[in-house]
Amino acid sequence: MTPSCRERFRSELNSVQYEAVFHDEGPLLVIAGAGSGKTRTLTYRAARLVEEGVAPEQILLLTFTRKAADEMLRRAARLLDNRCRHIAGGTFHSFAYTVLKRYAAALGFANNFTIIDRPDAESLIGMLIKARMSGPQRGAFPRKKTLADIFSRAANKNLPLEDILYEEYPHFTPYSDDIHALQADYVAAKFDQAFMDYDDLLTKLLQLMEDQPDIKNRIADQFSHLMVDEYQDTNYIQARIVYHLADRHQRIMVVGDDSQSIYSFRGANFRNIMDFPDLFPDTRVLTLEENYRSVVPILDLTNQLIEQAVEKYPKQLFSSRPSENPPCLVHTGSENSQSRYIVDKIRALGRDGIPYNEIAVLFRAGFHAFDLEVELAREGIAFVKYGGFKFMESAHIKDVLAHMRIQTNPYDRLSWFRILLLINKIGPKSAQRIHADIVSQAKGLQGFIDMKPSQKGNPGLERLRDLFREMAAFDLHPVQIGERILGYYHPILKDRYDDHPKRMRDLEQLLVLLEKYEHLEPFLSDMTLEPPNVAVGNTFGTGNPQEDRLVLSTVHSAKGLEWHTVFIIWAMDGRFPSFMASESAEQLDEELRLMYVAATRARENLLFLCPGQVFDRVSGMILSRPSRFIDNLPEDLMTRQAADIW
DNA sequence: AACCAAAAGTTTTTT
DNA sequence: ACTTTTGGTT
């Protein structure tokens, strides 16, 4: 590296960050506390490697979201030059997809497989339950959603089904045999229809690497340098994948914070990161403890907050940013007064010159924000919501995507059912017959186009056939395909939904996203692997990113981000910590870490809100106490305020 | 076989 | 509040 560049890096990094950036051979673990410049360290390191002549394509940066990877590469490019854009970056899942796209055949799997998302997996399991469990299923047999959960946990934790059932769903053990059989059905169905769910992407990649050493070496040799962000949220399978990738050259750097591990429901274990040196014996460990984000009073509170964890690795973050403003716990009289308190407060902040996009409202679960959303809409305050119900999961989007999926995978039963059931006079039985017919003809889409109109000229079915005939006859650009599908779908939309104009606008947004693609397949896999993170009803993509909109987000979706002012709503016992997590110390610790993540997002102002007496339908209890995590804190760490707005 | 309306049963977080 | 199941009608 040129001396001048090195000098510059030295002046822009603290000594530990500098160490990490210039660490050379051998494994490196960076424990990076909240706001300690983790992204900065990764970015500078990437730039340093490229500057010293490592080919960007040989650097692999695995992150938690695609957005995080893009952002880091963008910053690295600004730091050095555009070569940094060619660094291979993305999520474990998208990496797995790229590899499997090429090598799935080595596992006996179709190379043109379709990735199915969680709702898809659930409806597939739903079909299998119906097929296997005929007759009324009395009692408490798990629902498809629960089954999908059970299967997914088994996969992510790499444990046998019995263990999951015994540990987490003991009340289902009487159905153990049926559940096992259904899992086998599920595996077989995915194989037959060339489906992979999110978990398959990871497990099959690992399987490939462990069963076929020569392929493993070919994959691993593509990348001479590895970096993994948010390592505390990786699970066993991901850790194994990392191990295999870095096994031979050991040039691996992982970054994370055990206190911010919040994905145990996906098999992540906060101890994983501390076990990293066992996986890579000569690991050098560096710890970043200076916080550059938050003012002292906020950091004092968050340090005390995480102290309450039953199990943790000691760490004391420090800050040198003074402030007069301590965090505040606000009691409001009701849910709606909580919402109105926020409206008042952000208006005041706005008058002080704080832009709305520097303010965030965070919550434990998507639905906690419903009342606030209504209130904001009424007050004409623009906002974006992240987390909760996803744009991609809304019915009209899935309907249109199903028409596209059939173009790339014509035997996809889920998509056939979805689109056929939209047609009048066609129910499950007819759909079943039509699908079986297409599969037996083995002529792909042509099988449907050539099918005899045995349904005595069902006009809806004829329209669908015309659509597919046209799409098969011409070599159309994805946007043209989208336009034709929309033309076909519009009458159906109008007929089914009274809010069809709004939904139509969503679909037009979808067409905008399509413009960037030359082929349907990468579009479809991107939509499943990296769906726009915004919740339903939000515009995105074309919108000006600088738009001054208030941010509403689940804590999970807020990971890695920061704002001038952060409101944490529903900081009540029963909500946050969630009522469902209060059974075990481990679950409570995870809720605490979640609260820690939420609180450490704030730079200047941090407010907890506790809406007085609220009846909780789930528990049948009246909630009134503030979150134990906050209530237990020493009094001098925050102010308390009662704000009843009627 | 498909469709519709009423009743019953569930509730987190995400790739 | 929402999804899934049910029972009855076309």
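Worth knowing before you read on, the calculation uses all heavy atoms, side chains too, and leaves out hydrogens, waters and symmetry mates. Below, read A as the first sequence line, B as the second, and so on, with proteins coming before strands; counting in each chain starts at 1. No experiment lies behind these values; they were computed from the predicted model shown.
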Answer with base, sugar-phosphate or nothing: what part of the nucleic acid does [X] contact at a heavy-atom distance below 4.0 Å?
{"X": "A/Y263", "result": "sugar-phosphate"}
{"X": "A/G366", "result": "sugar-phosphate"}
{"X": "A/K144", "result": "sugar-phosphate"}

- Task: Establish, yes or no, whether a centroid distance under 6.0 Å links the rings of A/F195 and A/F113.
- Result: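 For A/F195 and A/F113, the ring centres are not under 6.0 Å apart.
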
d([atom1], [X]; [atom2], [N]) in whole Å:
{"X": "A/L594", "N": "B/dT14", "atom1": "CG", "atom2": "C1'", "answer": "12 Å"}
{"X": "A/D149", "N": "B/dT11", "atom1": "CG", "atom2": "C1'", "answer": "12 Å"}
{"X": "A/L206", "N": "B/dT15", "atom1": "CG", "atom2": "C1'", "answer": "17 Å"}
{"X": "A/Y97", "N": "B/dT15", "atom1": "OH", "atom2": "P", "answer": "18 Å"}
{"X": "A/D197", "N": "B/dT15", "atom1": "CG", "atom2": "C1'", "answer": "11 Å"}
{"X": "A/N458", "N": "B/dA2", "atom1": "CG", "atom2": "P", "answer": "11 Å"}
{"X": "A/D233", "N": "B/dT15", "atom1": "CG", "atom2": "P", "answer": "12 Å"}
{"X": "A/Y386", "N": "B/dT12", "atom1": "OH", "atom2": "P", "answer": "23 Å"}

- Of all residues at least two apart in sequence or in a different chain, which pass the side-chain hydrogen bond (donor to acceptor under 3.5 Å, both in side chains) check with A/D185?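 Partners of A/D185 under the side-chain hydrogen bond (donor to acceptor under 3.5 Å, both in side chains) test: A/R132.
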
- Run the salt-bridge test on A/D258 and A/K312 with the 4.0 Å N-O cut-off and return the result as yes or no.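 Answer for the salt bridge query: no.
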
Ignoring the backbone of [X], work out which of [options] is nearest its side chain.
{"X": "A/Y198", "options": "B/dT15, B/dT12, C/dT4", "answer": "B/dT15"}
{"X": "A/H556", "options": "B/dT14, B/dA1, B/dT15", "answer": "B/dT14"}
{"X": "A/R364", "options": "B/dA1, B/dT13, C/dT4", "answer": "B/dT13"}
{"X": "A/H93", "options": "B/dA1, B/dT14, B/dT15", "answer": "B/dT15"}
{"X": "A/F265", "options": "C/dT4, B/dT15, B/dT13", "answer": "B/dT13"}
{"X": "A/T91", "options": "B/dA1, B/dT15, B/dT12", "answer": "B/dT15"}

- Query: Which residue, A/V255, A/L42, A/D229, forms the side-chain contact (heavy atoms from CB on, under 4.5 Å) with A/T63?
  - Reply: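 Exactly one pass, corresponding to A/D229.
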
- Query: Does OP1 or OP2 of B/dT14 have a side-chain N or O of A/T554 closer than 4.0 Å?
  - Reply: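 Checking A/T554 against B/dT14: at least one side-chain N or O falls below 4.0 Å of OP1 or OP2.
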
- Task: Output yes when at least one side-chain N/O atom of A/S557 is less than 4.0 Å from OP1 or OP2 of B/dT13, else no.
- Result: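 So the side-chain polar atoms of A/S557 never come under 4.0 Å of the phosphate oxygens OP1 or OP2 of B/dT13.
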
- Interatomic distance at C1', C/dT4 relative to B/dT13, whole Å: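 Comparing C1' positions in C/dT4 and B/dT13 gives a spacing of 23 Å.
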
- Item | Along DNA chain B (nearest heavy atom to each residue), the more 5'-positioned of A/E591 and A/P428 |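 That would be A/P428.
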
- Item | Residue whose nearest DNA chain B nucleotide is more 5′ - A/E393 or A/R143 |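 Here A/R143 is the residue nearer the 5' end.
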
State which residues pass salt bridge (charged side-chain N to carboxylate O under 4.0 Å, His left out) with [X]; sequence neighbours excluded, sorted by chain then number.
{"X": "A/K398", "value": "A/D117, A/D120"}
{"X": "A/R378", "value": "A/E375"}
{"X": "A/D233", "value": "A/K559"}
{"X": "A/K157", "value": "A/E168"}

- For DNA chain B, what dot-bracket results from Watson-Crick or G-U pairs at under 3.5 Å, with [ ] for crossers and | for inter-strand partners? ||||||||||.....

Between protein and nucleic acid, restricted to nucleotides 3-7 of chain B and to nitrogen or oxygen atoms under 3.5 Å apart, what atom pairs and distances do you find?
from	atom 1	to	atom 2	distance (Å)
B/dC3	OP1	A/K425	N	2.5

- Query: Please, which pairs that meet salt bridge (charged side-chain N to carboxylate O under 4.0 Å, His left out) have at least one residue in residues 92-104 of chain A, sequence neighbours excluded?
  - Reply: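 Salt bridge (charged side-chain N to carboxylate O under 4.0 Å, His left out) check on residues 92-104 of chain A returns A/K101-A/E521.
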
- Query: Cut-off 3.5 Å, side chains only: do A/D371 and A/S339 have a donor facing an acceptor?
  - Reply: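 Yes, because at least one side-chain N or O of A/D371 sits under 3.5 Å from a partner of the opposite role on A/S339.
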
- A/Y243: side chain to side chain contact (heavy atoms under 4.5 Å, CB included) partners, not counting sequence neighbours: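 Residues passing side chain to side chain contact (heavy atoms under 4.5 Å, CB included) with A/Y243: A/R240, A/D247, A/L279, A/F280.
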
